[in-house]
Participant: 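Here's a structure for you.
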Amino acid sequence: MEILEELNSQQQQAVLAGYGPVLVLAGPGSGKTRVLTHRIAYLITHRGVHPYNILAVTFTNKAAREMEDRVIRLIGEDIRGMTLGTFHATCARILRGESNNLPFESNYVIYDADDQISIVKQALKEVQIDDKKYRPSGVHASISRAKNELILPDDFPVNTYHDEVVKRVYHHYQNLLLSNNALDFDDLLLWTAFLLEEYPEVREKYSRRYEHVLVDEFQDTNLAQYLLLNHLSSFHNNIFVVGDTDQSIYRWRGADYRNLLRFEKDYPDLQTILLEQNYRSTQEILDVAMRVIDRHPLRTPKHLFTSRPGGSKPVLHEVYDDKEESRFVVDTAADLVARDKASPGDFAVMYRTNAQSRILEEAFLQASLPYRLVGAQRFYGRREVKDIIAYLRLVQNPDDEISLARIINIPRRGIGDKTLFALYTLSQQTNRTSGDILLELGGNRESPLNRAFNNQALANLNHLGSLLNKWKNLKEHQTPFELMDTIIKDVNYQEYIDDGSDEGHDRWENVQELRRLAYEYMDSGLEIFLERVALVSDQDTLETTTSVPTLLTLHAAKGLEFPIVIIVGLNEGTLPHSRSFDDEEEMLEERRLFYVGITRAKDRLYLISPQNKTAFGYPEPVQPSRFLDDIPTDLLEETRSLHAYPGLRSSGQYRRTFWGAAETREIPYEKKYVPGQHVQHPEWGEGMVLNSRIEGSDEVVDIFFEAVGLKRVVASLAKLVIVK
DNA sequence: ATAAAGTGACTTTTT
DNA sequence: GTCACTTTAT
């Protein structure tokens with residue numbers, strides 16, 4: 001069978017597994033996506049399963065898209081009808097079609113993280129709780145956790161006063177969402193689970209359809225997702241899940257790797273298949289990874305082995321601080337590229353928190369080297385993008401108060417606090433939403449509602465209201481793209497945002513980008529466009545082929561691989577993050593996160609440990625990450641930058657030291673190389689020093705080699721030997 | 001009603 | 001150092 005040709009025996013076993021539940025435990029780089037895609041291809045071509053009867057769920061759109069591409073490439077035919085998407089997108093689609101059994105309309109909008117926080121703030125105000133004392137983000141996290149566990153406001157357990165507050169806020173939060181005809185991310189899962197639980201006929205409809213359910217990254221499912229899968233596969237009972245407890249890094253988002261254990265218990269006739277051969281990393285890298293994860297209790301032991309022997313030892317490099325760290329990153333990349341050992345696109349720099357990216361960016365900028373940043377200032381988080389989307393959302397669903405509040409005075413149209421207050425008061429009195437009132441004001445000049453406003457305010461509201469009416473009518477005839485253009489023109493958005501400054505120009509460019517995106521939704525309607533926009537993450541926009549180094553968080557790195565991986569900030573407080581210190585489970589998750597980072601590397605791995613970090617803008621001494629203690633010294637090549645304190649890690653074991661403020665002095669540095677000197681380079685042989693200068697904490701030397709000509713090298717990296 | 005200036009709080013990861 | 005939010009001045 002052609003489909004099986006490029007698979008090892010374990011992979012084949014998984015692909016060919018018969019009916020019933022199947023669990024594939026797949027180590028990093030063991031080809032789990034390959035197994036999933038081949039399985040789908042096999043079901044369609046050899047078992048005669050119609051694509052319409054297959055459901056495949058992933059966590060990111062990118063994973064879904066990749067899976068789709070690979071299946072199409074494999075079987076070279078149409079897979080139309082197959083449900084392949086993220087949990088959230090799949091649920092959104094189901095909910096759209098089943099709103100008759102649900103307390104919201106099918107034109108609901110999906111609130112993003114910022115909108116959700118706004119709603120929490122509003123709810124806090126309603127129950128008269130000071131949002132200084134109860135941080136909206138914290139309260140939201142509690143609500144989100146409850147939703148992931150399918151706990152509704154009435155069932156929210158109360159043990160402390162804090163719980164009591166959360167419970168009340170949760171109640172109002174949920175009501176506010178419904179009165180806005182809006183759902184948050186968690187609702188998509190929650191309401192779908194509820195729907196399938198409460199309505200047997202709906203459950204049967206979907207579970208009959210999905211003869212085969214396949215799930216990627218199963219260790220990241222939360223309880224809501226677990227039950228969802230349970231219901232969706234309840235009729236045929238063909239559920240095929242792939243996962244790896246060692247790569248579970250989303251506990252904070254409700255993910256529970258114990259779902260794997262639960263799965264084993266709930267499905268006694270389960271077939272379990274282990275994928276242990278790694279096709280990605282060299283043995284040297286895998287050895288380090290195993291040392292880190294072996295310390296992890298509660299895991300299914302896997303014996304990873306690789307078909308790729310003979311690489312170089314991973315490097316552990318100690319630096320004085322994060323500034324020096326980023327310089328080392330840039331120097332290493334530049335040096336390897338200069339020596340033709342790598343191309344710029346081979347590098348990935350991974351860090352624990354997004355905040356760490358800024359200093360790295362600065363270093364790349366300073367060296368005038370291009371880079372690609374994943375996440376951080378998100379496209380969809382940009383003010384101008386959110387503005388345009390808010391307009392569109394309001395057209396889609398006029399009850400969306402959050403979007404209305406956002407754009408009611410953007411661009412400025414003289415609707416200030418006073419007018420807003422009058423509008424909200426009227427909204428309360430008439431029990432109608434603000435958008436509804438606005439529509440009436442715009443549509444009926446003689447409306448009795450006019451009396452609530454003074455002349456000036458009324459004129460402003462009338463204007464916006466009639467525009468909204470116009471757009472609402474256009475929605476039926478125009479594509480999202482055309483509608484967007486109409487709105488932009490009607491409100492003079494370009495004039496407002498592109499104010500002649502560089503920043504304004506960039507912002508207008510972003511609007512253009514959004515227009516281009518809308519252009520792709522020519523025949524799918526506003527609803528679908530808004531849904532996609534709400535459910536894309538920034539990783540999804542990450543193109544797989546680039547020719548520049550990638551900067552990304554360890555979380556964002558999951559599922560990716562790079563020839564050369566540099567993990568920065570390996571110190572206590574950063575990795576592991578200080579928030580995990582007092583929670584054993586969270587500490588284990590930090591360890592897995594480190595493991596995920598290491599196992600992204602194919603050929604080379606650099607671990608960087610700074611001795612000081614910048615917190616709140618001021619430097620502060622830190623200890624090396626405890627995870628480094630678990631890696632025997634002989635598995636690493638240990639180096640240190642010139643400014644770093646020596647002797648942190650001596651023969652065999654780590655010696656933990658604590659260095660105080662008194663020692664944070666500048667270490668004097670003198671040039672080691674002088675013009676005219678002869679040096680030996682491991683690659684390029686003998687050469688003569690032409691020039692040398694101190695740059696940052698390093699010495700940059702220009703050398704003329706007899707064999708290769710003029711080269712510029714960084715002294716600490718180039719392993720030069722002075723020839724007497 | 002708006003712009004400028006000041007304050008404080010926070011930094012984990014995201015569909 | 002940065003963001004969001006508040007106060008103050010125009």
Participant: Please list, chain by chain and in numerical order, all residues satisfying side chain to side chain donor-acceptor pair (under 3.5 Å) with A/D400, sequence neighbours excluded.
Facilitator: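 Counting only residues at least two positions away or on another chain, A/D400 forms a side chain to side chain donor-acceptor pair (under 3.5 Å) with A/Y111, A/R393, A/S403.
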Participant: Compare the ring of A/Y250 with the six-membered ring in the base of B/dT14 and state whether they stack (centres under 5.5 Å, planes under 30°).
Facilitator: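 A/Y250 ring does not meet the centre or angle cut-off for B/dT14; no stack.
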Participant: Quickly work out the A/E590 CD to B/dT13 P distance and round it to whole Å.
Facilitator: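 Nearest whole value for this atom pair: 11 Å.
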Participant: Pick out the pairs of N or O atoms, protein on one side and nucleotides 4-8 of chain C on the other, that lie under 3.5 Å.
Facilitator:
from: C/dC5; atom 1: OP1; to: A/K121; atom 2: NZ; distance (Å): 2.3

Participant: Could you check A/E586 against A/T86 and say which one's nearest nucleotide on DNA chain B is further toward the 5' end?
Facilitator: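 Closest to the 5' end, via its nearest nucleotide, is A/E586.
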Participant: For A/N259, check side chain to side chain donor-acceptor pair (under 3.5 Å) against everything at least two apart and list the hits.
Facilitator: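 Partners of A/N259 under the side chain to side chain donor-acceptor pair (under 3.5 Å) test: A/T221, A/R262.
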Participant: Within less than 4.0 Å of OP1 or OP2 of B/dT13, is there a side-chain N or O belonging to A/R579?
Facilitator: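 For B/dT13, OP1/OP2 do not have a side-chain N/O of A/R579 under 4.0 Å.
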Participant: Classify the ring geometry of A/W191 against A/F194: parallel below 30°, tilted from 30° to 60°, perpendicular beyond 60°.
Facilitator: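 Answer is perpendicular, since the angle exceeds 60°.
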Participant: Look at all strands and tell whether A/H577 reaches a base, only sugar-phosphate, or nothing, counting heavy atoms closer than 4.0 Å.
Facilitator: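 Sugar-phosphate, backbone atoms only, no base.
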Participant: Between A/R406 and A/D387, does any side-chain N to carboxylate O distance fall below 4.0 Å?
Facilitator: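 Looking at A/R406 and A/D387, the cut-off is met.
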Participant: Which whole-number value in Å describes the distance from A/N460 CG to B/dA1 C1'?
Facilitator: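 Going from A/N460 (CG) to B/dA1 (C1'), I get 11 Å.
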Participant: For A/E149, give me all partners under salt bridge (Lys or Arg N to Asp or Glu O under 4.0 Å), at least two apart in sequence or on another chain.
Facilitator: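 With sequence neighbours excluded, A/E149 shows a salt bridge (Lys or Arg N to Asp or Glu O under 4.0 Å) to no residue whatsoever.
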Participant: Quick one: A/R145 CZ to B/dT14 C1', roughly how many Å, whole number?
Facilitator: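 Answer to the nearest Å: 15 Å.
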Participant: State whether A/N61 places a side-chain N or O below 4.0 Å from either non-bridging phosphate oxygen (OP1 or OP2) of B/dT15.
Facilitator: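 Checking A/N61 against B/dT15: no side-chain N or O falls below 4.0 Å of OP1 or OP2.
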Participant: What do you reckon, is NZ of A/K613 surrounded by more than 12 foreign heavy atoms closer than 6.0 Å?
Facilitator: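 Yes.
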Participant: Taking salt bridge (Lys or Arg N to Asp or Glu O under 4.0 Å) as the test, write out the residues that go with A/R251, two or more places apart.
Facilitator: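 If we apply the salt bridge (Lys or Arg N to Asp or Glu O under 4.0 Å) test to A/R251, skipping adjacent residues, the hits are A/D583, A/E586.
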Participant: Mark yes or no for whether A/N222, through its side chain, and A/Q225, through its backbone, hold a donor-acceptor pair below 3.5 Å.
Facilitator: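 Pair found, side chain donor or acceptor close to backbone of A/Q225.
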Participant: In this structure, how many angstroms lie between the P atom of B/dT15 and the NZ atom of A/K147, rounded?
Facilitator: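 That distance rounds to 17 Å.
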Participant: Within the structure shown, what part of the strands sits under 4.0 Å from A/F185 by heavy-atom distance: base, sugar-phosphate, or nothing?
Facilitator: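 A/F185: base contact, heavy atoms under 4.0 Å.
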Participant: What does A/N409 touch in the nucleic acid at a heavy-atom separation under 4.0 angstrom: a base, only the sugar-phosphate, or nothing?
Facilitator: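 Sugar-phosphate only.
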Participant: Please state how far atom CZ in A/R251 lies from atom P in B/dT15, giving the value in whole angstrom units.
Facilitator: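 From A/R251 CZ to B/dT15 P: 20 Å.
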Participant: Taking all non-hydrogen atoms of both residues, which atom of A/S248 and which atom of A/R592 are closest, and how far apart?
Facilitator: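 Looking at all heavy atoms of both residues, the closest pair is O-NE, 2.6 Å.
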Participant: Given Watson-Crick or G-U pairs with both distances under 3.5 Å, what dot-bracket string fits DNA chain B, with | for other-strand pairs and [ ] for crossing?
Facilitator: ||||||||||.....
Participant: Whole angstrom is fine here: how far is it from NZ in A/K558 over to C1' in B/dT15?
Facilitator: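 So the NZ-C1' distance, A/K558 to B/dT15, works out to 12 Å.
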